[in-house]
Chemist: 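The structure follows.
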There are 2 protein chains.
Amino acid sequence: MSYTYDYPHPAVTTDIVIFTVDEAMLKTLLIQRGSPPFEGSWALPGGFVRIDEDVDACAKRELAEETGVRDIYLEQLYTFGAVGRDPRERVISVAYFALVPCRGLSLKAGTDAANAAWHSVNALPELAFDHRDIIAKARERLTAKMEYSTLGLMFMPEEFTLSEVQSLYETVSGQEQDKRNFRKWLLALDVIEETGAMKTAGAHRPAKLYRLKDTTGVVIIR
Amino acid sequence: MSYTYDYPHPAVTTDIVIFTVDEAMLKTLLIQRGSPPFEGSWALPGGFVRIDEDVDACAKRELAEETGVRDIYLEQLYTFGAVGRDPRERVISVAYFALVPCRGLSLKAGTDAANAAWHSVNALPELAFDHRDIIAKARERLTAKMEYSTLGLMFMPEEFTLSEVQSLYETVSGQEQDKRNFRKWLLALDVIEETGAMKTAGAHRPAKLYRLKDTTGVVIIR
DNA sequence: TCAAAAGTGTTAAGACTACACCCATGT
DNA sequence: ACATGGGTGTAGTCTTAACACTTTTGA
């Protein structure tokens, strides 16, 4: 089967920068390519937009295929449309970024996943296509948005302690925070609440557990 | 001549929301369609991305074709990729927005421009495709960005008065500002300078003229 | 001399920053 | 009892918001 047009058409893909925070590092999921071009290099998960599929739906599908996780934060990032970015044919890529919780993530077996691995964004391997630019842009957007919204909470699992949130923010921004000020700020946003339960973890005082309030998506601050 | 692929390919266009401020209204340039679909409705300027043309370059070209203006602010906005947005074939549109100065704009003769006109964003006519959504998104981004950057100055002509800048900000945001506070804020940003000249306009005290400092692009504040 | 827009400082309130000690637990 | 991370308040500084009169010009 083949498809014919009067004018040349580009191919359109989505690529997804999937962030998580683990071992005090901001990491992104990459897949090692098994065939040319860029054989052996690492690339962002992604794929072609089907002709009867919304671009957003394509990104959701790719995300589910790679991570097996549904209902996580996903946002369109930017569209990369330089002519030579794929040596095979003209490919325009609509990039997205996603945030998956620190804990509770299992990479899905099958498909490309055998070659999938998390990489610290501070020590990226050789990347295919313009994927280094895409990750750089995603990281910029992530750090900017974490300063004026509650986006960072999308990294948290169902229940979490205030210290966990703080250490997450410190990891992503690279800046240490004052404990008292951080807690005042976070609680004043009024988007999390105590669960009532405590988390015991070692030879020290247990920490209160919190969860997102029902109504909370990402809240823009100020 | 025709072009054949193994898999179906969408068409890709750019559409541009060109904003200006005129008569104390935020306006956008629209073109009345002369043929189906949506014949008679108004649409954003735009067109197909050529196979050997960067997506950004396509937006620049469309902008120049419509307005005859070069070197004005242009930023990628969002990519609209719902399946049914164009009834003819699958079309994915990479939307941009541009800011042209209040004064000194002449619509270019020729091409589609015979049917081009500025419309207040508060009183839009019937729009083709999903262009109402695109304009809504552009407006959101514009107002958000004007609060934390000097983007608004991109609306100003070469030389301008402080009162002109203030009234521009008031028009876009719909909020009145205190004159003294506004001037303090704007001058503290350190991105404009006096030209030395004055602007006389009627039976009142002349105003100092200002210009952007050499180095100034859009400055993110805070 | 009147009308119309330009220009100019001070004060009060609120937001942000810096900073140190006691608490609850496991070993 | 000690080591470990959890939890809490206050004072000083800086930023933001509110507010009204004088100046310069053309008619």
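Every value quoted in this text rests on a predicted model; they were computed, and no experiment measured them. The sequence lines fix the lettering, A, B, ..., with proteins before strands; numbering per chain opens at 1.
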Chemist: Roughly, in whole Å, what's the span from NZ in K184(A) to P in dG7(D)?
Modeler: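 The answer, rounded to whole Å, is 16 Å.
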Chemist: Let me know the distance between CD1 of I221(B) and P of dT16(D), rounded to the nearest Å.
Modeler: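 After rounding, the reported distance stands at 10 Å.
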Chemist: Please give the angle, rounded to 10 degrees, between the axes at the start and the end of the helix from dT1(C)-dA27(D) to dT27(C)-dA1(D), where five pairs define each axis.
Modeler: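 Answer rounded to 10°: the end axes differ by 0°.
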Chemist: Would you say the rings of W118(B) and F19(B) are close, in the sense that their centroids are separated by under 6.0 Å?
Modeler: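 No, the ring centres sit 6.0 Å or more apart.
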Chemist: Measure the distance from CD on Q177(B) to P on dC19(D) and round it to the nearest whole Å.
Modeler: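 About 15 Å, once rounded to whole Å.
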Chemist: Rounded to the nearest angstrom, tell me the gap between atom CH2 in W185(B) and atom C1' in dC14(D).
Modeler: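 To the nearest whole Å, that distance equals 19 Å.
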Chemist: Counting heavy atoms from C-beta on, name the nucleotide in dC19(D), dG6(D), dA18(D) closest to the side chain of A207(A).
Modeler: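 Of all the options, the side chain of A207(A) is nearest to dG6(D).
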Chemist: Which of these, I18(A), V17(A), I135(A), N115(A), sits in a side-chain contact (heavy atoms from CB on, under 4.5 Å) with L30(A)?
Modeler: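 Among the candidates, only I135(A) passes.
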Chemist: One thing to verify: whether E75(A) and K145(A) come together as a salt bridge, which I'm taking to mean a side-chain N less than 4.0 angstrom from a carboxylate O.
Modeler: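 Looking at E75(A) together with K145(A), the answer is yes, because their closest N to O distance falls below 4.0 Å.
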Chemist: Closest approach of P125(B) and R132(B), non-hydrogen atoms and distance?
Modeler: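 In this case the closest contact between P125(B) and R132(B) is O-NH2, 3.0 Å.
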Chemist: Going by an N to O cut-off under 4.0 Å, is there a salt bridge joining E194(A) and R211(A)?
Modeler: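 No salt bridge links E194(A) with R211(A).
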Chemist: Mind calculating the distance between CZ (F182(B)) and P (dT15(D)) to the nearest angstrom?
Modeler: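 Computing the F182(B):CZ to dT15(D):P distance gives 19 Å.
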Chemist: Are any of the side-chain nitrogens in D190(A) or K213(A) under 4.0 Å away from the carboxylate oxygens of its partner?
Modeler: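 A salt bridge links D190(A) with K213(A).
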Chemist: Heavy atoms only: give me the nearest Q166(B)-D178(B) pair and the separation to one decimal.
Modeler: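 Where Q166(B) meets D178(B) most closely, the heavy atoms are NE2-C, 4.1 Å.
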Chemist: Quick one: closest heavy-atom pair of Q76(A) and T79(B), and the distance?
Modeler: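 It is OE1-N, 2.8 Å.
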Chemist: Reading DNA chain C 5' to 3', which nucleotide is the first, and which the last, to come under 4.0 Å of any heavy atom in chain B?
Modeler: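 Under 4.0 Å from chain B, the extent on DNA chain C is dA3(C) to dT10(C).
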Chemist: If you compare all heavy atoms of T14(A) against all heavy atoms of S93(A), which two are closest, and at what distance to 0.1 Å?
Modeler: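 Nearest pair, atom of T14(A) first, then S93(A): C-OG, 4.3 Å.
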Chemist: Would you mind building the protein contact string for nucleotides 20-27 of chain D? One character per nucleotide, 5' to 3', B for base within reach (heavy atoms under 4.0 Å), S for sugar-phosphate only, - for untouched.
Modeler: B--BBBB-
Chemist: Any Lys/Arg nitrogen of E159(A) or K199(A) sitting under 4.0 Å from an Asp/Glu carboxylate oxygen of the other?
Modeler: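 No salt bridge links E159(A) with K199(A).
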Chemist: Specify the closest pair of heavy atoms between P101(A) and T20(A), including all atoms of both residues, with the distance to one decimal.
Modeler: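 For P101(A) and T20(A), the tightest heavy-atom pair comes out as O-OG1, 3.3 Å.
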Chemist: For F160(A) and dG6(D), give me the distance from atom CZ to atom P, rounded to whole Å.
Modeler: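 Atom CZ in F160(A) sits about 15 Å away from atom P in dG6(D).
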